[in-house]
Amino acid sequence: MDFKKLGEPFSARDIEWRLQQCGEKSGGGFWGKCLAYVTNRAIQQRLDDVIGAENWKNEFAKAPDGGVMCGISIRIVRENGEAEWVTKWDGAENTDIEAVKGGLSGAMKRAAVQWNIGRYLYNLEEGWVEVNDKGLFQGKTKSGKVFRWNPPELPDWALPRSEQRTVSPQQATQGAFSRQKQSAINVDEMIDEVRKYIADGTLQDLAKAKALAHIKSKDVNALKAVLEYCSNNAAMKTV
């Protein structure tokens with residue numbers, strides 16, 4: 001069990017971006033800042049791959065001042081052969097949308113950082129978004145104006161070696177096209193996953209209606225939120 005592998009960079013497709021601040025420029029147009037997070041599904045897969053599915057577990061509890069606490073426990077075997085469960089906790093406030101589910105998701109991500117999972121993302125520089133009419137994500141200012149945006153590219157040190165960019169201008173151009181193509185593929189994959197959750201009954205009523213609307217709009221951020229919601233339902237069953 002190599003704990004160093006827990007802290008290795010994730011694939012760019014395992015990173016979700018959240019708009020933290022945005023507004024209108026005095027000369028026209030929009031600006032925005034975003035933060036990068038590892039998805040809960042990627043965290044669970046990292047734990048399965050490095051620790052083993054049978055050697056970790058999670059649990060949730062109410063935070064003292066509201067919100068949710070998450071504890072991630074790992075079974076560690078000492079040199080004398082004895083095994084013990086070591087738990088690291090962290091918490092998050094409930095979110096405005098899907099309050100409890102959002103709180104569970106945030107708490108698990110923070111608990112994962114305690115085990116060095118995704119901690120490297122805290123070293124990223126301030127993330128200014130690229131405002132683009134064909135951007136993958138949708139943002140809204142306080143005044144209600146909507147715009148599209150793309151996240152900044154991750155630096156090489158924040159990517160696995162297989163995804164690090166080359167220095168050749170021609171290869172860089174080809175890589176940008178490949179990433180754009182991959183983004184389109186990832187959207188289709190997410191839509192397929194959401195449809196599976198609809199089919200098996202995980203998403204019902206209002207949640208189902210919202211999911212269908214997100215499929216129609218192909219809003220990447222919204223689709224990721226739906227998959228996080230479904231993932232958290234699965235996480236709840238392990239408690």
Side-chain angles (χ1 to χ4, degrees), residues 1-18 20 34-64 67-93 95 101-127 151-165 179 182 186 189 193 224-225 227-239:
M1 189 181 297
D2 186 355
F3 281 91
K4 289 183 179 180
K5 291 183 178 180
L6 290 177
E8 291 181 353
F10 284 85
S11 167
R13 59 180 175 271
D14 291 326
I15 302 300
E16 63 179 359
W17 297 86
R18 294 182 186 174
Q20 295 298 305
C34 62
L35 293 177
Y37 298 86
V38 182
T39 68
N40 267 354
R41 289 178 298 149
I43 291 171
Q44 293 167 21
Q45 191 62 53
R46 175 63 58 85
L47 287 165
D48 284 351
D49 292 343
V50 177
I51 305 300
E54 74 281 7
N55 291 322
W56 76 274
K57 58 185 178 180
N58 60 355
E59 56 187 308
F60 298 93
K62 289 184 178 180
V68 183
M69 297 288 294
C70 176
I72 295 180
S73 303
I74 293 179
R75 182 175 178 271
I76 297 176
V77 179
R78 302 300 183 186
E79 292 182 358
N80 60 7
E82 295 183 357
E84 65 174 313
W85 287 92
V86 177
T87 305
K88 295 187 178 184
W89 291 83
D90 210 327
E93 296 179 353
T95 58
K101 298 298 181 182
L104 291 171
S105 174
M108 184 165 178
K109 289 170 184 174
R110 292 188 179 185
V113 171
Q114 299 295 325
W115 286 104
N116 200 30
I117 301 174
R119 189 183 296 171
Y120 67 94
L121 293 174
Y122 286 102
N123 295 322
L124 289 174
E125 295 181 359
E126 199 168 44
E153 287 192 341
L154 290 167
D156 279 352
W157 61 262
L159 290 167
R161 187 176 297 276
S162 60
E163 296 182 27
Q164 291 179 3
R165 291 175 292 277
R179 287 191 293 277
Q182 184 63 44
N186 288 341
E189 289 177 349
E193 286 191 58
K224 282 188 175 182
L227 292 174
E228 282 287 297
Y229 171 85
C230 296
S231 177
N232 285 330
N233 275 337
M236 283 282 289
K237 294 177 183 179
T238 68
V239 178

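Worth knowing before you read on, the calculation uses all heavy atoms, side chains too, and leaves out hydrogens, waters and symmetry mates. If you're wondering where the values come from, they're calculated on a predicted model, not measured in any experiment.
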Minimum heavy-atom separation for [X] and [Y], please, with both atom names.
X: Ser73; Y: Glu59; value: OG-OE2, 4.0 Å
X: Lys5; Y: Val50; value: CB-CG2, 3.9 Å
X: Trp17; Y: Pro152; value: CZ2-O, 3.6 Å
X: Pro155; Y: Leu124; value: CD-CD2, 3.6 Å
X: Trp115; Y: Val86; value: CZ2-O, 3.3 Å
X: Ser11; Y: Glu163; value: OG-OE2, 2.6 Å

Any side-chain heavy-atom pair from [X] and [Y] closer than 4.5 angstrom?
X: Ile15; Y: Leu121; answer: yes
X: Gln114; Y: Trp89; answer: no
X: Val113; Y: Val38; answer: no
X: Val77; Y: Arg75; answer: yes
X: Ile72; Y: Leu47; answer: yes
X: Phe3; Y: Ile74; answer: yes
X: Lys62; Y: Val68; answer: no
X: Arg46; Y: Phe10; answer: yes

query: Using 4.0 Å as the upper bound for N to carboxylate O, is an ion pair formed by Glu16 and Arg41?
result: no
query: Under 4.0 Å between a Lys/Arg side-chain N and an Asp/Glu carboxylate O for Glu84 and Arg78?
result: yes
I need the [X] [atom1] to [Y] [atom2] distance, nearest 0.5 Å.
X: Gln164; Y: Asp156; atom1: CD; atom2: CG; answer: 4.5 Å
X: Lys88; Y: Ile117; atom1: NZ; atom2: CD1; answer: 10.0 Å
X: Asn116; Y: Leu6; atom1: CG; atom2: CG; answer: 7.5 Å
X: Met1; Y: Ile51; atom1: CE; atom2: CD1; answer: 4.5 Å

task: Could you walk me through whether Asp49 and Gln45 pass side chain to side chain donor-acceptor pair (under 3.5 Å), step by step?
output: CA-CA 6 Å; Asp49 292 343; Gln45 191 62 53; 2.9 Å; yes
- prompt: Does one side chain, of Asp48 or Trp56, offer a donor that lies under 3.5 Å from an acceptor on the other?
  reply: yes
- prompt: Is the number of heavy atoms from other residues, nucleotides or ligands under 6.0 Å of Glu54 CD greater than 12?
  reply: yes
task: I would like to know whether Lys109 and Ile43 meet side chain to side chain contact (heavy atoms under 4.5 Å, CB included); could you show each step before the answer?
output: CA-CA 8 Å; Lys109 289 170 184 174; Ile43 291 171; 3.9 Å; yes
- prompt: Sequence neighbours excluded, which residues qualify as side chain to side chain contact (heavy atoms under 4.5 Å, CB included) partners of Glu126?
  reply: Lys33, Trp128
- prompt: Aromatic rings Trp157 and Tyr120: how do their planes relate, parallel, tilted or perpendicular, breaks at 30° and 60°?
  reply: perpendicular
query: Who are the salt bridge (Lys or Arg N to Asp or Glu O under 4.0 Å) partners of Arg161, not counting sequence neighbours?
result: none
